[in-house]
Asker: 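Questions regarding the structure given below will be posed in turn.
Only a predicted model underlies this, so the values are computations on that prediction, with no experimental measurement involved. The figures that follow rest on heavy atoms only: side chains count, while hydrogens, waters and symmetry mates do not.
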Amino acid sequence: MPPLLLSILMLNKETLIQLVKDYISKNESIFLVDLIITRSNQIEILIDSFTGISIKNCMSLSRHIESSLDREVCDFSLQIASAGLSEPFKVFKQYKKSIGKDVNVFLKNGQELIGKIIDAKEGLGIMLETSTNKKQGKKKIQIIEQQSLSFDQINKTKVVISF
């Protein structure tokens with residue numbers, strides 16, 4: 001693929017997204033999480049996968065993008081990384097990938113829920129299974145509930161990291 005002609009002052013985000021999509025089309029388990037271009041032409045791309053991201057995946061995508069851009073037309077720096085565990089979810093596929101995992105869900109009303117994602121439906125929301133302990137006399141009883149949460153209710157979601 002010949003180098004793409006880009007604006008001399010600024011990289012085109014849509015062009016970069018298309019380059020990532022072209023790469024992803026050859027490796028369908030990978031998906032784009034975020035793409036940021038700063039004013040100084042630093043490109044930061046976060047990717048994820050249902051099977052995990054390797055350094056080889058990042059290097060391969062970096063080569064694909066670098067071979068398609070012309071540094072003579074527009075100089076840039078490029079950083080490609082796996083979406084971090086401590087970062088909030090940014091795309092639906094991260095919810096799908098996390099089915100069966102414990103997550104921390106922060107709702108727009110200020111409520112915080114910790115539970116396991118049971119299901120995720122694109123454009124609709126998630127089914128979250130939560131458990132609480134209640135005292136009944138001298139005994140503790142664990143109450144398990146399933147809650148349906150729409151994406152409109154969710155402010156952010158993060159994977160619970162446990163050691």
Side-chain angles (χ1 to χ4, degrees), residues 11 13-14 16-65 77-163:
L11 295 167
K13 188 170 185 172
E14 288 76 29
L16 287 165
I17 289 171
Q18 188 57 52
L19 288 171
V20 174
K21 285 181 179 180
D22 291 345
Y23 174 80
I24 288 172
S25 70
K26 298 170 191 146
N27 193 340
E28 294 181 14
S29 71
I30 295 175
F31 54 90
L32 177 64
V33 173
D34 201 8
L35 190 148
I36 299 167
I37 306 170
T38 67
R39 289 183 184 251
S40 59
N41 287 337
Q42 291 179 300
I43 305 166
E44 297 175 21
I45 299 174
L46 293 178
I47 55 176
D48 205 346
S49 168
F50 290 97
T51 58
I53 294 295
S54 68
I55 292 174
K56 184 178 177 181
N57 295 132
C58 294
M59 288 174 36
S60 179
L61 177 55
S62 178
R63 286 186 190 117
H64 174 75
I65 290 171
S77 69
L78 178 62
Q79 177 183 355
I80 298 178
S82 170
L85 284 177
S86 62
E87 294 296 313
F89 293 177
K90 295 184 181 192
V91 296
F92 172 72
K93 287 183 179 180
Q94 290 177 293
Y95 286 94
K96 264 313 220 199
K97 176 184 177 181
S98 297
I99 290 176
K101 294 182 182 173
D102 290 330
V103 293
N104 202 351
V105 180
F106 299 87
L107 301 179
K108 290 180 181 173
N109 69 8
Q111 188 178 5
E112 181 181 342
L113 302 171
I114 296 176
K116 184 181 297 188
I117 295 180
I118 302 300
D119 196 12
K121 303 258 188 246
E122 192 162 14
L124 298 175
I126 62 171
M127 181 66 68
L128 188 70
E129 183 179 273
T130 59
S131 66
T132 53
N133 292 321
K134 289 196 176 186
K135 278 190 172 182
Q136 192 173 43
K138 293 182 180 180
K139 294 182 180 180
K140 282 187 180 180
I141 297 174
Q142 186 178 33
I143 299 172
I144 296 174
E145 298 177 315
Q146 290 187 356
Q147 298 181 35
S148 178
L149 300 169
S150 73
F151 289 120
D152 291 337
Q153 295 175 280
I154 299 171
N155 183 35
K156 66 180 175 182
T157 302
K158 294 181 173 187
V159 170
V160 172
I161 302 170
S162 58
F163 298 97

Asker: Can you give the donor-acceptor pairs under 3.5 Å from side chains of residues 114-131 to other protein atoms, not counting sequence neighbours?
Answerer:
from, atom 1, to, atom 2, distance (Å)
Asp119, OD2, Lys121, NZ, 2.9
Ser131, OG, Gln142, NE2, 3.4

Asker: Kindly compute the distance separating CZ (Phe89) from NZ (Lys156), expressed to the nearest 0.5 Å.
Answerer: 12.5 Å
Asker: Take atom NZ in Lys108; do more than 12 heavy atoms of anything else shown fall under 6.0 Å from it?
Answerer: yes
Asker: Are Lys97 and Asp48 close enough for a salt bridge, meaning some N to O gap below 4.0 Å?
Answerer: yes
Asker: In the structure I gave you, are the side-chain heavy atoms of Val91 and Leu32 within less than 4.5 Å of one another anywhere?
Answerer: no
Asker: Under the side-chain contact (heavy atoms from CB on, under 4.5 Å) criterion, do Asn155 and Leu107 qualify, and how do the steps go?
Answerer: CA-CA 5 Å; Asn155 183 35; Leu107 301 179; over 6 Å; no
Asker: Counting only N and O atoms by type, is there a donor-acceptor contact under 3.5 Å from the side chain of Lys101 to the main-chain atoms of Val159?
Answerer: no
Asker: Applying salt bridge (charged side-chain N to carboxylate O under 4.0 Å, His left out), name anything that partners Lys90, two or more places apart in sequence or on another chain.
Answerer: Asp34
Asker: Do the rings of Phe31 and Phe50 sit parallel, tilted or perpendicular, given the 30° and 60° boundaries?
Answerer: tilted
Asker: Looking at Asn57, is its backbone amide N or carbonyl O close enough to the side chain of Ser54 to form a donor-acceptor pair, meaning the two atoms are under 3.5 Å apart?
Answerer: yes
Asker: Quick one, Pro88 and Phe106 - any side-chain contact, counting heavy atoms below 4.5 Å?
Answerer: no
Asker: Measure up the His64 and Tyr23 rings against each other and bin them: parallel (under 30°), tilted (30 to 60°), perpendicular (over 60°).
Answerer: tilted
